[in-house]
Chemist: 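Submitted below is the structure of interest, expressed as structure tokens.
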Amino acid sequence: MNLRALFRPSAKYSIFALLVVGIVVGVVGYFATQQTLHATSSDEFCMTCHSNHSLKDEVLASAHGGGKSGIVVECQQCHLPQEPFQYLIKKIIVSKDVIGFLTIDGFNTQEWLEANRKEQADHARDFLRSIDSSTCQNCHKRIYEDQPETMKKMAKRMHSNNFKKAEDKRKTCIDCHKGVAHPYPKG
Ligand code: HEC
Ligand code: HEC
Ligand code: HEC
Ligand code: HEC
């Protein structure tokens, strides 16, 4: 198969062909070494497919972009679970985005991102909710137990009230914190 054929519109590909691609990518993902997994988790890797999206600039402009603290948070530090098994699972799920990349019309354009941002944001949020925002908590450790002196009163109150609730009634970080790295779409 020549390269150009790979990027031709998807209608030409049978579901079967796409499935095969998916399975191959999945298997490769599964057997990849930690090293490969790390190489495929850099911001550069994420931005190969999202290269025309403003996502990285948005992070840089946010509180997670290195301002006060000097720490620029990487895409994967928020979006991929750090626990090895969950990480692998998420990677395999993400590898289906290869198909999306080849088949979604105009995917890698800012117009597409803006037109689909709400839906994409909600996918990302659903995932974070499913892991109880554990990626956030990797950095923001023990936000409920020992709150720094410097934390705003309002934040302390919200956090302590949430923590007092039964575990299954508690909100997760992203329920209250929208748009910590990208502007959350209105509406
Ligand atoms: C192979 C191309 C490709 C790569 C590499 C890639 N993405 Fe994506 N990404 C996509 C496509 C395509 C979509 C849209 C998926 C859809 O709607 O079906 C998407 C959607 C997303 C979404 C929103 C939807 C969701 O499922 O949460 C997030 C968040 C995201 N990507 C983050 C990342 C991060 C972080 C990385 C690097 C670890 C990354 N992407 C690397 C192609 C890619
Ligand atoms: C790699 C570490 C890291 C990760 C992961 C991370 N943060 Fe942060 N967060 C920071 C740093 C550093 C700051 C800036 C602190 C400062 O300026 O005092 C910050 C600031 C914040 C702030 C205060 C600024 C604001 O935007 O209001 C909130 C709220 C926040 N993070 C929530 C989150 C949430 C929610 C997640 C998960 C989606 C998350 N963080 C993931 C390190 C991280
Ligand atoms: C019930 C809602 C709620 C939940 C759940 C919640 N927060 Fe907050 N948080 C707030 C409010 C309100 C503020 C104060 C306004 C602001 O700074 O955005 C705040 C402030 C913060 C700040 C800035 C604190 C400072 O120094 O002023 C960080 C960091 C933060 N939250 C992280 C988290 C993390 C991590 C989680 C999950 C473990 C979480 N929050 C869960 C409501 C919540
Ligand atoms: C501090 C945590 C954090 C970092 C760093 C981060 N994201 Fe996100 N991202 C989120 C959260 C949380 C959402 C869910 C929507 C929201 O709340 O804004 C999201 C949403 C998205 C979406 C869906 C569209 C949208 O704008 O909501 C894409 C795509 C995405 N992120 C890609 C990336 C890429 C690529 C990087 C690295 C350049 C990155 N993110 C860095 C936390 C982060």
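Numbering of ligands and ligand atoms starts at 1, following listing order.
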Chemist: Using a 4.0 Å heavy-atom cut-off, which part of Arg170 comes near ligand 3: side chain, backbone, both, or neither?
Modeler: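 Within the 4.0 Å criterion, Arg170 makes no contact with ligand 3.
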Chemist: Numbering the atoms of ligand 4 from 1, which are under 4.0 Å from a heavy atom of Cys75?
Modeler: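 Close to Cys75: 34 (C), 35 (C), 36 (C), 37 (C), 38 (C), 39 (C), 41 (C).
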Chemist: Can you name the atoms of ligand 4, numbered from 1 with element, that are less than 4.0 Å from a heavy atom of Lys178?
Modeler: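 Heavy-atom distances to Lys178 below 4.0 Å select 17 (O).
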Chemist: Quick test: of every protein heavy atom, which one is nearest to atom 18 (O) of ligand 2, and how far off is it to 0.1 Å?
Modeler: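 For atom 18 (O) of ligand 2, the nearest protein heavy atom is Lys68 NZ, 4.1 Å.
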Chemist: For ligand 4, which atoms, with element, lie under 4.0 Å from some heavy atom of Cys78?
Modeler: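 Reading through ligand 4 atom by atom, the close ones are 1 (C), 2 (C), 3 (C), 4 (C), 5 (C), 42 (C), 43 (C).
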Chemist: As a check for students: among Lys141, Lys152, Arg157, identify the option with a heavy atom nearest to atom 16 (C) of ligand 3.
Modeler: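 Ranked by closest heavy atom to atom 16 (C) of ligand 3, first place is Lys152.
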Chemist: Starting from atom 27 (O) of ligand 4, what is the nearest protein heavy atom, named by residue and atom, and what distance separates them?
Modeler: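 Scanning the protein heavy atoms, the shortest distance from atom 27 (O) of ligand 4 goes to Ala121 CB, 3.2 Å.
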Chemist: Only heavy atoms of Thr135, strictly under 4.0 Å: list the atoms of ligand 2 that pass.
Modeler: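 Listed by number with element, the hits are 5 (C).
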Chemist: Counting only heavy atoms on the protein side, is anything nearer than 4.0 Å to atom 13 (C) of ligand 3?
Modeler: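 Yes, because at least one protein heavy atom sits under 4.0 Å from atom 13 (C) of ligand 3.
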Chemist: Looking only at distances, please establish whether an N/O atom of ligand 4 is found under 3.5 Å from an N/O atom of Gly179.
Modeler: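 Such a contact does occur with ligand 4.
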Chemist: If two hydrophobic side chains count as joined below 4.5 Å and joins carry through other members, does Ile174 share a cluster with Ile131?
Modeler: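 Same hydrophobic cluster.
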Chemist: Check each atom of ligand 3 against the heavy atoms of Gln137 and keep those under 4.0 Å away; list them by number with element.
Modeler: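 Those of ligand 3 that fall under 4.0 Å from Gln137 are 38 (C).
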Chemist: Can you tell me how far apart CD1 (Ile99) and NZ (Lys96) are? Round to the nearest 0.5 Å.
Modeler: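 With rounding to 0.5 Å, CD1 (Ile99) is 9.0 Å from NZ (Lys96).
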Chemist: Are there any protein N/O/S atoms under 2.8 Å from atom 8 (Fe) of ligand 2, and if so, which?
Modeler: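 Result, waters dropped: His64 NE2, His140 NE2.
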Chemist: Short list, please: which atoms of ligand 3 are under 4.0 Å from a heavy atom of Met151?
Modeler: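 Those atoms are 24 (C), 25 (C), 26 (O), 27 (O).
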Chemist: Would one find an N or O of His182, backbone or side chain, under 3.5 Å from an N or O of ligand 4?
Modeler: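 N/O-N/O distance under 3.5 Å: yes.
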Chemist: If we only consider heavy atoms of Asn162, is any one of them less than 4.0 Å away from an atom in ligand 3?
Modeler: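 Flag set, Asn162 near ligand 3.
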Chemist: At less than 4.0 angstrom from any non-hydrogen atom of Tyr144, what atoms of ligand 3 do you find?
Modeler: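 What qualifies from ligand 3 is 5 (C), 37 (C), 38 (C), 41 (C).
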Chemist: Could you work out, for atom 33 (C) of ligand 4, the closest of Gln120, His79, Arg117, Glu74 by heavy-atom distance?
Modeler: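 Minimum heavy-atom distance to atom 33 (C) of ligand 4 goes to His79.
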Chemist: In plain terms, say whether Glu58 and Arg117 are close enough for a salt bridge, that is, a side-chain N and a carboxylate O under 4.0 Å apart.
Modeler: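 Counted as a salt bridge, because a side-chain N and a carboxylate O are separated by less than 4.0 Å.
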Chemist: Students often mix this up, so state it plainly: with edges at 30° and 60°, are the rings of Tyr144 and Phe163 parallel, tilted or perpendicular?
Modeler: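 Parallel, since the angle between the ring planes stays under 30°.
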Chemist: Suppose I only count heavy atoms of Lys56 and a 4.0 Å limit; which atoms of ligand 4 are within that range?
Modeler: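 Selected atoms, number and element: 38 (C).
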Chemist: Decide if the gap between the ring center of His50 and the ring center of Phe45 is smaller than 6.0 angstrom.
Modeler: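 Centroid distance His50-Phe45: not below 6.0 Å, so no.
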Chemist: With a 4.0 Å cut-off on heavy atoms, does Ser133 reach ligand 2?
Modeler: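 The answer is no: ligand 2 sits nowhere under 4.0 Å from a heavy atom of Ser133.
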Chemist: Applying side-chain hydrogen bond (donor to acceptor under 3.5 Å, both in side chains), run through Ser54 and Gln110 and close with a yes or a no.
Modeler: CA-CA 7 Å; Ser54 53; Gln110 188 65 16; 2.8 Å; yes
Chemist: Looking at atom 29 (C) of ligand 4, what's its closest protein heavy atom, distance included?
Modeler: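 Of every protein heavy atom, Leu55 CD1, 3.7 Å lies nearest to atom 29 (C) of ligand 4.
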Chemist: Quick check on contacts: which atoms of ligand 3 are under 4.0 angstrom from a heavy atom of Lys171?
Modeler: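 Atoms satisfying the 4.0 Å criterion: 5 (C).
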Chemist: Take atom 23 (C) of ligand 2 and look for protein heavy atoms under 4.0 Å from it; say yes if you find one, no if not.
Modeler: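 Protein heavy atoms within 4.0 Å of atom 23 (C) of ligand 2 - there are none.
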Chemist: Is it possible for you to say whether Leu60 and Ile71 belong to one hydrophobic cluster, with membership spreading through side-chain heavy-atom contacts below 4.5 Å?
Modeler: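 Different hydrophobic clusters.
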Chemist: Listing residue and atom name, which protein N/O/S atoms are closer to atom 8 (Fe) of ligand 3 than 2.8 Å?
Modeler: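 Only His159 NE2, His177 NE2 fall inside 2.8 Å of atom 8 (Fe) of ligand 3.
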Chemist: Test side-chain hydrogen bond (donor to acceptor under 3.5 Å, both in side chains) on Thr109 and Asn52 and set out the steps.
Modeler: CA-CA 5 Å; Thr109 61; Asn52 295 317; over 6 Å; no
Chemist: Looking at atom 41 (C) of ligand 4, what's its closest protein heavy atom, distance included?
Modeler: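 Nearest protein contact, heavy atoms only, for atom 41 (C) of ligand 4 is Val59 CG2, 3.4 Å.
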Chemist: Quick check: is Ile143 connected to Met154 through a chain of hydrophobic side chains (ILVMFWY, heavy atoms under 4.5 Å apart)?
Modeler: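 Met154 does not cluster with Ile143.
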Chemist: I'd like to know if the side chain of His182 reaches the main chain of Ser62, judged simply by a donor and an acceptor atom lying under 3.5 Å from each other, with no hydrogens or angles considered.
Modeler: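 No, because the side chain of His182 does not come within donor-acceptor range (under 3.5 Å) of the backbone of Ser62.
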